[in-house]
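Below you'll find the structure, written out as C-alpha cells, and then a few comments.
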Amino acid sequence: MKALIVGLNYAPEPSGNAPYTSKLSQGLAGRGVVVKVLTGYPHYPEWKIADGYKGFSMEESLGGVPVKRLRSTVPRRPNGLGRFIMEITFGVRAMLERWERPDVVLVVSPALFSAAFTILRARIFGIPVGIWVQDLYSKGIEETGHARSPLASVMKRMESAILSAADGVSVIHERFRDHVVNDLGVPAHRVRVIRNWTHVQHHHSFDRSAARKRLGWAPTDFVALHAGNMGVKQGLENLIDTAHLAGRSGSDVRVVLLGNGNQRRILESKGAGIDRLQFLEPLPDRDYSEALRSADVLLVNERPGVREMSVPSKLTSYFVTGLPIIAATEEDSATAHELSAAGAGIRADSGSPVDLVAAIERLREDPDSAKDFGVAGQQYSERVLTEEVAVESYLDWLGGLASRKQSR
C-alpha cells in the first residue's frame with residue numbers, strides 16, 4: 001500500500017499533533033506501507049520557522065520516511081486570520097504538489113482548511129482519502145466565547161462539509177465522534193475512533209533527587225507541573241493565580257509551567273515576582289520525561305467553557321508516568337471524562353485557583369491515594385493507549401479505504 005500523509009505539523013515540532021503524525025508515519029513504514037509525507041516548515045509552538053529551514057521547499061528523511069516540506073506563511077501572532085492564511089497557503093501548495101499516485105491519502109486536522117484542498121484533489125482523481133481529526137474547529141469557536149456569533153455557524157457548516165467530503169473520518173475520542181455524527185452530520189459508518197498514544201518514552205531509570213535539584217526544586221517542594229503548549233485555550237492565568245495563592249498561604253506547593261506558546265510572555269509578565277511559580281523551557285525527550293517523573297502531581301488546565309474542542313495530548317504522556325493528575329476543567333468536559341475513565345486523578349473547578357490549590361493539597365496530604373491514581377493511569381495507558389494498538393488500527397482503517405480505489 002502506498003500512503004500519502006498530508007499535515008501542516010511534523011517533527012521536530014515537540015508538541016501538538018506533530019509527534020503523533022511523525023510516529024504514525026514511521027509506524028506504518030515499519031509495517032511495510034510505502035509512506036510519503038507532505039508537511040510544513042517547523043514553527044510550533046514558537047510560531048516562528050525553526051533555524052536551519054530555508055527556501056521555498058526542502059526534502060529530508062526522518063525515521064526512514066521521505067518528508068517534503070512546503071513553506072507557507074507563519075503568523076507572528078496566531079490569531080484567526082493569520083492561521084487561516086497559513087492553512088490556505090499550505091493547502092494550495094500541497095494540492096499542487098506531485099503526489100506519485102498513492103493508494104490512499106491521510107490528511108491531518110488541524111489544519112482543517114489545508115485538508116479541504118487535499119480532499120478536493122483526492123476526490124477529483126478518485127483517490128480514497130481519510131481525515132484524522134485532532135481538534136474540533138467549530139467547538140473551539142463556540143467554547144472560546146463566540147457561540148452566538150455568525151462565525152460559529154459558518155464554521156460549523158464548513159467543518160461539516162469538509163469532513164463529509166472525506167471517505168473516512170478518524171477521531172481521537174468517543175466524545176468527538178458524537179459531535180461529528182450528531183452535530184456535523186457525518187454518517188456514522190464513516191467515523192472511527194482511534195485513540196492517541198504516548199509519544200514520550202518513560203522507560204529509562206534516573207536519579208530523581210538529582211533531577212529535582214537540577215531543575216531547582218527543593219526537597220520540601222510539592223511540585224505541581226503543567227507541560228505543553230501555553231495558548232489561549234489552556235487558560236493558564238489560573239495557574240499563575242494558583243501559585244500566587246499558594247505563596248500567600250505559606251504552602252510548599254510549587255507550580256511549574258514547562259513548554260512554550262504564544263501566551264508564554266504574557267504569563268511570565270503576569271507571574272513576575274511570584275515565588276512559588278517557575279517557568280521551564282521546552283526540553284528534549286529524555287529530559288522532558290525526567291522532569292515529568294520528578295514532579296509530585298501533573299496538571300491539566302482548561303479555560304472556563306472549554307468542554308469538547310480538544311482532548312489534551314499531554315494526558316497520554318502523563319498517564320504512563322505513574323503520577324496522579326489534576327485536571328482544572330469543566331465537570332462535563334472531554335478531559336474530565338478521560339481522567340475519570342482512567343481513574344488517574346481528580347478534577348478541580350475550571351478557573352478557580354482556590355479549588356486547584358485545595359486539590360493539590362489534598363493529594364499532598366494523602367500519598368496513598370496519589371499513588372493509586374498513578375498506578376491506575378499506567379494501567380489505563382497499557383490497556384487503551386499504546387502506540388502498537390493505534391498504528392495497527394490505522395493500518396486496518398487506511399487499508400480499508402485504499403481497497404475502495406480498486407473497486408472504483
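Residue numbers count from 1 along this sequence.
Side-chain contact annotation: Ser153 with Arg157, donor-acceptor N/O pair under 3.5 Å present. Looking at Tyr20 and Thr316, their side chains do bring a donor and an acceptor atom within 3.5 Å of each other.
Salt-bridge annotation for Arg214 and Glu290: present, with a side-chain N of the basic residue lying under 4.0 Å from a carboxylate O of the acidic one. With respect to the salt-bridge test (charged N to carboxylate O, under 4.0 angstrom), the residues Asp296 and Arg212 qualify. Salt bridge annotation for Lys36-Glu100: present, with a cationic side-chain nitrogen under 4.0 angstrom from a carboxylate oxygen. The pair Arg175-Glu338 does not count as a salt bridge, with every side-chain nitrogen at least 4.0 angstrom from each carboxylate oxygen. With respect to Arg347 and Asp349, a salt bridge is recorded, a charged nitrogen being found less than 4.0 Å from a carboxylate O. Under 4.0 Å is where a charged nitrogen must lie from a carboxylate oxygen, and between Asp275 and Arg254 no such pair does. The pair Glu174-Arg177 fails the salt-bridge criterion, with no side-chain N (NZ, NE, NH1 or NH2) lying under 4.0 Å from an Asp/Glu carboxylate O. At a threshold of 4.0 Å, the pair Arg264-Glu268 counts as salt-bridged, since one of the basic side-chain nitrogens sits closer than that to a carboxylate oxygen. In this structure, Glu159 does not pair ionically with Lys156, as no charged nitrogen and carboxylate oxygen lie closer than 4.0 Å.
Tyr41 OH to Glu13 CD: the interatomic distance, rounded to the nearest 0.5 Å, is 13.5 Å. Between the CD atom of Gln234 and the CG atom of Leu299 there is a distance of 13.0 Å, given to the nearest 0.5 Å. Atom CG in Asn9 sits 6.5 Å away from atom OG1 in Thr39 (nearest 0.5 Å). To the nearest 0.5 Å, atom CG of residue Leu112 and atom CG of residue Asp135 are 10.5 Å apart. Rounding to the nearest 0.5 Å gives a distance of 10.5 Å between CZ of Arg195 and OG of Ser381. Rounding to the nearest 0.5 angstrom, the gap separating the OG1 atom in Thr335 from the CD1 atom in Ile325 is 10.5 Å.
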Requested in this report: Applying side-chain contact (heavy atoms from CB on, under 4.5 Å), run through Phe113 and Met158 and close with a yes or a no.
Outcome: CA-CA 9 Å; Phe113 298 108; Met158 292 182 67; 3.3 Å; yes

Query raised in the report: So Val223 and Leu215, side-chain contact (heavy atoms from CB on, under 4.5 Å) or not? Walk me through it.
Result: CA-CA 11 Å; Val223 176; Leu215 292 164; over 6 Å; no

Query - Trace of the side-chain contact (heavy atoms from CB on, under 4.5 Å) decision for Val357 with Ser251 - result: CA-CA 9 Å; Val357 169; Ser251 171; 5.5 Å; no

**Report entry** Check against salt bridge (Lys or Arg N to Asp or Glu O under 4.0 Å), Glu97 and Arg121
**Finding:** CA-CA 10 Å; Glu97 185 63 30; Arg121 175 169 169 177; over 6 Å; no

Query raised in the report: Could you go step by step and tell me if Phe125 and Val105 meet the side-chain contact (heavy atoms from CB on, under 4.5 Å) rule?
Result: CA-CA 11 Å; Phe125 288 94; Val105 177; over 6 Å; no

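Shown here for Pro128 and Asp103, the closest heavy-atom pair between the two residues is CD-O, 3.4 Å. Heavy atoms only, all atoms of each residue included: Ala291 and Leu258 are closest at CB-CD2, 4.2 Å. Nearest heavy atoms, Asp221 versus Gly216: OD2-O, 4.5 Å. Among all heavy-atom pairs drawn from Arg190 and Ser164, the shortest one is NH1-O, 2.6 Å. Between Tyr137 and Pro110, the shortest heavy-atom distance links the atoms OH-CB, 3.3 Å.
Here the side chains of Ile127 and Pro102 are in contact, with some heavy-atom distance below 4.5 Å. Contact of the Leu356 side chain with the Leu239 side chain is registered, since non-hydrogen atoms from C-beta on lie closer than 4.5 Å. Put simply, the side chain of Arg93 does not reach to within 4.5 Å of the side chain of Ser72, judged on heavy atoms. For the pair Pro42 and Arg69, the minimum side-chain heavy-atom distance is below 4.5 Å. In this structure the side chain of Arg286 never reaches within 4.5 angstrom of the side chain of Phe206, judged on heavy atoms. In this structure, the side chains of Val391 and Leu24 come closer than 4.5 Å at one or more pairs of heavy atoms.
Aromatic ring pairs are classed by plane angle as parallel below 30°, tilted from 30° to 60° and perpendicular above 60°; the pair His337 and His173 is perpendicular. In this pair, Tyr44 and Trp47 present their aromatic rings perpendicular. The plane angle is above 60°, beyond the 30 to 60° band.
Annotation: Asn182, atom CG; neighbour count of heavy atoms from other residues, nucleotides and ligands within 6.0 Å is above 12. For CZ of Arg293, the number of neighbouring non-hydrogen atoms (other residues, nucleotides, ligands) closer than 6.0 Å is greater than 12.
In this structure, Arg71 is not positioned above the aromatic face of Tyr53 in the sense of NZ or CZ being under 6.0 Å from the six-membered ring centre and within 45° of the axis.
Side-chain atoms of Trp99 come within 3.5 Å of backbone atoms of Ala94 as a donor-acceptor pair (strictly under, hydrogens ignored).
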